[in-house]
Amino acid sequence: MTNTTTAGSTIVQYSHGQDGDFYVPGEIVLTQNASGLGGNPIMAEDQARKRELRLQKNREAARECRRKKKEYIKCLENRVAVLENQNKALIDELKSLKELYCQQKAE
DNA sequence: ATCGCCCAACGTCACACTTC
DNA sequence: GAAGTGTGACGTTGGGCGAT
């Protein structure tokens with residue numbers, strides 16, 4: 001599976017490998033940032049490298065964030081199931097206690 | 001076969017919050 | 001206060017599935 005995403009003026013491609021996703025960087029487009037650095041190619045390259053690093057970290061952070069969210073939702077669903085069972089049991093108990101009470105009252 | 005719709009997963013951006 | 005981190009919002013993609 002491959003994916004291509006356009007974000008602003010950059011093109012990002014990624015694919016699913018055996019060990020998860022691997023990143024295939026597209027052409028790095030240097031816009032006004034490069035000229036803002038006085039056109040220094042080393043500084044621009046450094047900026048681009050920093051940006052790639054930040055994007056990669058954020059990509060992993062987003063994955064982890066989604067994983068945690070899914071886990072949290074599963075936890076909540078489990079809790080709902082447990083509470084529903086408890087509620088059912090308490091209703092049953094109340095019902096039998098009421099019946100017992102009515103029987104004793106009739107005697 | 002293909003079209004349209006829905007869903008899950010993804011990457012990126014923006015922004016709030018935390019850490020140093 | 002700058003750098004790092006977590007997360008909501010958004011747009012994109014591919015796969016599944018029913019209708020035609």
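Proteins get letters first, then strands, A, B, ... in listed order; numbering begins at 1 in each. All values reported here derive from a predicted model rather than from experimental measurement.
Of the residues in residues 67-76 of chain A, those with a non-hydrogen atom less than 4.0 angstrom from any atom of DNA chain C are Lys68(A), Lys69(A).
In this entry the distance linking CD of Gln56(A) with P of dG11(B) reads 11 Å, nearest Å. One atom, CG of Leu53(A), and another, C1' of dT5(C), lie 13 Å apart when rounded to the nearest Å. Between the P atom of dC13(B) and the CZ atom of Arg59(A) lies a distance of 10 Å, rounded to the nearest Å. Glu64(A) places its CD atom 13 Å from the P atom of dG11(B), with the value rounded to the nearest Å. In this structure, CG of Asn58(A) is placed 17 Å from P of dC10(C), rounded to the nearest angstrom. When rounded to the nearest whole Å, the span between NZ of Lys50(A) and C1' of dA2(C) equals 11 Å. Distance, Arg54(A) CZ to dG11(B) P: 15 Å, rounded to whole Å. In this structure, CG of Leu55(A) is placed 11 Å from P of dG11(B), rounded to the nearest angstrom.
Looking at heavy-atom distances under 4.0 Å, Arg66(A) makes contact with a base.
Contact check on Lys95(A) versus Asp92(A) returns no salt bridge, with no Lys/Arg side-chain nitrogen under 4.0 Å from an Asp/Glu carboxylate oxygen. Using a cut-off of 4.0 Å between Lys/Arg side-chain N and Asp/Glu carboxylate O, Arg67(A) and Glu64(A) are scored as salt-bridged.
Remark: Arg63(A) CZ to Asn58(A) CG distance equals 11.0 Å, nearest 0.5 Å. Here the CZ-CZ distance, from Arg51(A) to Arg54(A), works out to 6.0 Å after rounding to the nearest 0.5 Å. Atom CG of residue Leu90(A) and atom CG of residue Asn85(A) lie 11.0 Å apart, to the nearest 0.5 angstrom. Going from atom CG of Leu97(A) over to atom SG of Cys102(A) covers 11.0 Å, rounded to the nearest 0.5 Å.
Nearest nucleotide to the side chain of Arg63(A), out of dT7(C), dG11(B), dC13(B): dG11(B). Here dT7(C) is the nucleotide among dC10(B), dT12(B), dT7(C) with the atom lying nearest to any side-chain atom of Ala61(A).
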- Could you go through the side-chain contact (heavy atoms from CB on, under 4.5 Å) check for Leu53(A) and Lys50(A) one step at a time? CA-CA 5 Å; Leu53(A) 196 64; Lys50(A) 278 184 179 171; 5.6 Å; no
